[in-house]
Structure formats: C-alpha cells, structure tokens
Amino acid sequence: MSSNRSLTRRNFLVGASTLLALPILGAVPDICARRQRSCIIIGSGLSGLGAAYHLSRAGWHVTILEARDRVGGRVFSRHMGGENLVCEMGAEWVGNEHERVRALCKSLGIGLQRHQFQNERLLQNGHVSAPGKLETRFTPQGRAAWETFTKKFHSYSLEQQKWMDRFDWWTWLRNIGMPEQDIRLRDLSDSTDFGETIRDLGAFVGANEYISTAASPTDWMDMKMIGGNARLPQELAHRIGREHIHLNTPVHEIKQGRGLVSVRSGEKVWKADAVICTAPTRSLTQIHFDPPLPSAQFNAANQLQYGRIVKTAVLYDERFWKQDDFSLVTDTSSHYIFHATQNQKGKQGILTSYATGDKADVLASQDETRRMKIVAQELAPVDERTPQLARAVTSIPWQRDRWTQGAYAIYKPGQWFTLRPILSRPHGKVLFAGEHLADWQGFMEGAAETGEAAANALLGK
Ligand SMILES: Cc1cc2nc3c(=O)[nH]c(=O)nc-3n(C[C@H](O)[C@H](O)[C@H](O)COP(=O)(O)OP(=O)(O)OC[C@H]3O[C@@H](n4cnc5c(N)ncnc54)[C@H](O)[C@@H]3O)c2cc1C
C-alpha cells in the first residue's frame with residue numbers, strides 16, 4: 001500500500017486497528033490467562049453488540065450497559081399501519097460493499113432485499129423534473145471541472161490530502177471551477193449523505209466519498225434487511241444472551257486501578273478486566289473518567305459534531321408515486337424523500353423525508369403532526385392530494401436525541417486527519433469503538449468494523 005493511500009477514508013481502518021492494537025497490547029498483559037476474562041461494553045449499538053458477540057464467542061464474560069430502553073442505538077425500525085409496513089428511523093441502507101454487515105446478516109439468517117434509488121427526481125421552485133442521475137443535471141463546464149479534478153485526486157500524496165482537508169467541500173468545488181448552480185445541486189445531494197451543508201464538510205472527506213477507488217456507483221444505497229434493520233441488533237443481542245445486557249443503565253463513571261476497570265451507573269458498579277466504550281462523543285464527554293482522559297482526547301471528543309437529521313416517515317393511503325423506486329431531492333424542508341416501503345406489499349405505503357442541517361432544525365422544532373403536514377404539503381407538486389392521503393406519521397429528530405445529539409459524526413475542515421486518530425487511542429484498559437472512528441464512518445459497517453477491531457485488540461489478534 002503506497003503511503004498516500006494509507007490514510008484514506010475507506011482504508012483507514014487498517015491503520016486504525018493497528019493504532020488500536022499496539023497500545024492495548026501493552027495495556028492488558030496482566031489479565032490472567034487462566035480465569036475467564038471479562039469486558040464491560042458501553043452501548044448496545046452495532047459497535048457494542050459486534051464487540052460483545054466476538055468476545056463472548058471467544059469465551060469472554062461480557063456485560064453490556066445501555067442507556068436506552070432498547071438495543072440497537074442508531075439502528076431502529078418502526079412498523080406502521082394495518083399492513084404492518086416497516087420503515088427505518090435510523091440506518092436505512094446496506095451497501096453491496098458492506099461485507100461485515102452482509103456476513104452478519106447471512107450468519108444470523110436475516111434476508112436482504114433490494115432498496116435502490118438511482119434515478120431521483122428534483123423538486124425545485126415548485127417544479128418536478130423527470131427522474132435522472134445527478135451527473136446528468138450538471139452543466140458541461142461543471143462536468144469537465146469534475147472530471148479533471150477526479151484524475152488529479154487519485155494521485156494525491158498524503159500531504160496533498162491533508163492540505164486539501166483544510167478547505168471545505170463547497171470552497172474546493174468552487175476552486176476547481178464548478179459553476180455555482182452545480183455546487184448548489186451537489187450541496188442538495190451531498191448534504192443528504194453527510195447531514196450538513198457541504199460548506200461544513202472537510203474537502204478531503206467529500207472527495208474521498210465520491211471519487212476514491214472505493215466509491216460506490218449507488219452511493220452504498222443498495223439493500224435493507226427484510227423485516228427491518230433492527231433485526232440485526234436484536235439477533236445479536238439474542239446470541240450474546242439478554243441476561244448480559246442491562247438496559248436503562250447510563251454509565252456515569254469509568255475508574256481504573258488495581259488491574260481492573262470499574263464502571264458506575266447511578267449506585268451500581270460493575271468490574272472487569274477491560275472496557276470497550278462505544279458512546280458517541282457528545283455522550284462520552286459526560287462520562288467521568290478516573291484517571292481523566294488526556295486533555296487532547298477530551299478536547300477532540302468535545303469538538304466532533306454530529307449531523308442534524310430528521311427522518312419523518314409518513315404513511316399514505318395509496319401509493320400515488322407509482323414507481324417503486326420513487327425518490328425526490330427537494331429545495332424545501334423535506335429535503336430528500338424516498339419510498340421506504342419499496343418491495344413491501346400493501347395498498348398503503350410510506351414515504352420518508354430525510355431532512356438535514358438547517359432544514360432539519362426547522363422540522364425538529366415542530367411537533368409530529370405539523371411535521372407530517374409540512375412534508376405532505378411539500379409533496380403537492382407531485383400529487384395535489386398528498387395532504388388528504390397522509391394518514392399517520394412517525395419521526396425522529398436525531399439532533400435532539402439525548403445519547404447521540406445528531407445522526408452520525410461530521411468531520412469538518414481539518415478534522416479528519418487530526419481528531420480521529422486521537423479519539424481512537426485506548427485510555428489504559430478502556431478501548432473506544434463506534435461509527436465515528438471507522439473507515440466506513442457514518443455506516444453500520446463502520447460500527448461493526450470498529451467493534452470487531454476493539455474485540456480483536458483484546459484477544460491479541
Ligand atoms: C438518520 C440516520 C440515518 C443513517 N443511515 C444509514 C444508512 O443508510 N446506512 C448505514 O449503514 N448507516 C446509517 N446510519 C449510521 C448508522 O446507524 C450508525 O453508523 C451505527 O448504527 C452506529 O453504531 P454505533 O454502535 O457506533 O453507535 P450507536 O448505535 O449510537 O450505539 C451507541 C450506544 O451507546 C449508548 N450510550 C450512549 N451513551 C451512553 C452511556 N453514557 N451509557 C450507556 N450507554 C450509552 C447509546 O444509547 C447507543 O445505544 C444512519 C444513522 C442515522 C441516525
């Protein structure tokens with residue numbers, strides 16, 4: 001692997017797991033090999049469950065402490081209507097390249113079904129365009145600028161990647177010669193992937209998402225789990241053993257001493273040989289560490305923000321949108337709307353709005369009924385009956401979620417190469433995992449990958 005590829009977004013984990021493994025190997029040799037080893041895992045999202053699954057299969061005693069009243073974290077399905085249609089409030093898509101998640105689904109007997117949306121419509125200024133790929137909507141000048149930059153980007157050295165990352169993605173696109181109208185289009189589309197406007201996104205992170213050799217033609221929007229993505233955390237929890245999972249148990253303190261780590265929630269204390277902490281950084285900074293986290297690590301956790309996303313799933317009495325792969329990028333608050341019940345039989349159907357950034361904050365401050373009215377009304381240019389056909393709603397404003405305060409981490413200009421390596425460092429016998437540390441950052445795959453890497457570090461693999 002050449003040095004300029006060694007820290008790209010998609011292959012970082014090779015480096016990250018090495019980073020993770022080296023210090024921890026120094027930290028745990030005193031764990032007695034003859035008795036059963038134990039680990040406390042903070043958080044029952046896919047990273048925590050993934051870590052616990054690996055450790056318990058290797059004979060470790062695991063205890064999972066979860067703040068919420070359910071497992072799964074940001075993987076959360078809901079059912080709506082008499083036809084029991086399922087929609088996703090958190091993670092929606094499994095990409096073809098998401099090998100770990102696909103392998104887990106296979107081994108746990110969870111089927112995957114197609115969930116692709118490649119030809120989206122565009123709703124701008126009240127007009128709806130015919131379906132088409134984003135690239136076809138750019139000006140010839142914008143397309144030429146993009147192609148020229150794409151060729152250059154593949155040969156960027158690590159130093160050039162770091163220099164690039166000091167810019168935001170919007171400014172970078174302007175500097176490579178994209179006309180303003182094309183950048184606005186990219187902003188509408190790319191902000192769906194990152195949860196914030198591209199004015200807030202590091203340019204390297206943006207380029208790597210869309211141009212790297214690992215970039216996906218479908219943007220990793222390929223499949224979903226039959227019956228709902230929440231089946232994956234539920235199956236994992238079942239295999240690990242529900243008796244090892246404590247719900248409604250927010251961790252307040254992590255203390256290390258005398259070869260053990262003790263973890264406190266309220267008055268209750270658990271002790272183990274090691275801890276894997278998967279709390280998103282906004283929550284991590286609320287945990288009291290003794291000895292304290294190094295200030296660089298605490299500050300990195302404090303600086304990392306999470307994208308503002310509101311998912312609003314509206315159940316309609318009929319599928320007026322006709323195409324099973326209906327999707328629409330809008331200049332309104334609903335932002336991106338897609339058919340959530342693709343490949344699910346029923347007369348009724350669900351369209352989910354995926355609002356990001358400032359638009360998401362507008363929706364977040366409304367109650368759910370008003371959210372439904374806004375989203376349904378904004379669809380009137382597609383079919384004027386939408387306000388009358390809207391029957392029920394369910395939604396989550398992730399930026400108001402107590403335990404995440406956003407949907408997934410957004411690495412701002414200059415943060416990708418600086419904050420993430422610091423956040424990945426073990427603190428004594430406490431290892432860190434979670435989507436925000438992953439090569440596949442922002443994906444279930446990333447969560448599963450970091451959980452496995454943390455478990456492997458403890459297993460000495
Ligand atoms: C709106 C949205 C859309 C998404 N779309 C996709 C997608 O299409 N495809 C995809 O692959 N991924 C998607 N993701 C991302 C994916 O859901 C995450 O990357 C992944 O689920 C994160 O898993 P995790 O284990 O890192 O974190 P979480 O799932 O957040 O797990 C961490 C757990 O820690 C718990 N916790 C926090 N603090 C404490 C504490 N102090 N004590 C105890 N427990 C604590 C939390 O309650 C939580 O359950 C999406 C996410 C969101 C929100």
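We number each residue from 1, following the sequence as shown.
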Chi angles and distances behind the side-chain contact (heavy atoms from CB on, under 4.5 Å) call for S56, H244: CA-CA 10 Å; S56 59; H244 299 295; over 6 Å; no
Side-chain (R319) to main-chain (Q348) donor-acceptor, under 3.5 angstrom: yes
Test applied, side-chain contact (heavy atoms from CB on, under 4.5 Å); reference residue, V275; option that passes from I42, I41, L65, L431: I42
Residue pair S265 / W270, side-chain heavy-atom distance below 4.5 Å: yes
Main-chain N/O of G434 paired with T450 side-chain donor or acceptor, under 3.5 Å: yes
Test: D317 and K347 ion pair at under 4.0 Å: no
Steps toward side-chain contact (heavy atoms from CB on, under 4.5 Å) verdict (S191, Y336): CA-CA 10 Å; S191 58; Y336 177 58; over 6 Å; no
Distance-only donor-acceptor check, side chains E435 and Q441, under 3.5 Å: yes
Distance-only side-chain donor-acceptor flag, R78 / T394, under 3.5 Å: yes
More than 12 heavy atoms of other groups within 6.0 Å of R370 CZ: no
Rounded distance (nearest 0.5 Å) linking atom CE of M89 with atom CD1 of I396: 6.0 Å
W321 and F326 aromatic ring geometry - parallel, tilted or perpendicular at 30°/60° bounds: tilted
F443 and W220 aromatic ring geometry - parallel, tilted or perpendicular at 30°/60° bounds: perpendicular
S262 side chain to K271 backbone, donor-acceptor under 3.5 Å: no
Heavy atoms of other groups near R239 CZ, more than 12 under 6.0 Å: yes
Heavy-atom neighbours of E99 CD exceed 12 at 6.0 Å: no
R57 to Y53 six-membered ring, cation-pi geometry met (6.0 Å, 45°): yes
T192-H335 side chain donor-acceptor pair, cut-off 3.5 Å: yes
Under 3.5 Å donor-acceptor, N229 side chain and A91 backbone: yes
Ring centres under 6.0 angstrom apart (F298, F289): no
Contact check, side chains of M221 and F338, non-hydrogen atoms, under 4.5 Å: no
H427 side chain vs P291 backbone, donor-acceptor pair below 3.5 Å: yes
Between CD on residue Q303 and OG1 on residue T281, distance to nearest 0.5 Å: 10.5 Å
Any E97 side-chain heavy atom under 4.5 Å of D222 side chain: yes
Short side-chain to backbone donor-acceptor contact, H252 and Q286, under 3.5 Å: no
Flag side-chain contact, heavy atom, 4.5 Å: L423 against L304: yes
Side-chain H-bond candidate by donor/acceptor type, Q118 with D325, under 3.5 Å: no
Cationic tip of R74 above Y306 ring, under 6.0 Å, 45° of axis: no
Short N-O contact, D273 and R37, less than 4.0 angstrom: no
Main-chain N/O of L260 paired to K429 side chain as donor or acceptor, under 3.5 Å: no
Residues I40, V251; criterion side-chain contact (heavy atoms from CB on, under 4.5 Å); working and verdict: CA-CA 11 Å; I40 295 166; V251 166; over 6 Å; no
E378 versus S334, side-chain donor and acceptor atoms under 3.5 Å: yes
Criterion side-chain contact (heavy atoms from CB on, under 4.5 Å) on N96 and M223, from CA distance to verdict: CA-CA 8 Å; N96 285 332; M223 295 170 285; 3.4 Å; yes
Side-chain donor/acceptor of K311 to backbone N/O of E88, under 3.5 Å: yes
Polar side chain donor-acceptor pair, D187 to T197, under 3.5 angstrom: yes
Residues R282 and D401 bridged, charged N to O under 4.0 Å: no
Candidates R264, E253, K255 - the one meeting side-chain hydrogen bond (donor to acceptor under 3.5 Å, both in side chains) with H288: E253
Whether over 12 other heavy atoms sit under 6.0 Å from H238 NE2: no
Result of checking F204, F194, W169, W416 against Y411 for ring-ring contact (aromatic ring centres under 6.0 Å, His included): W416
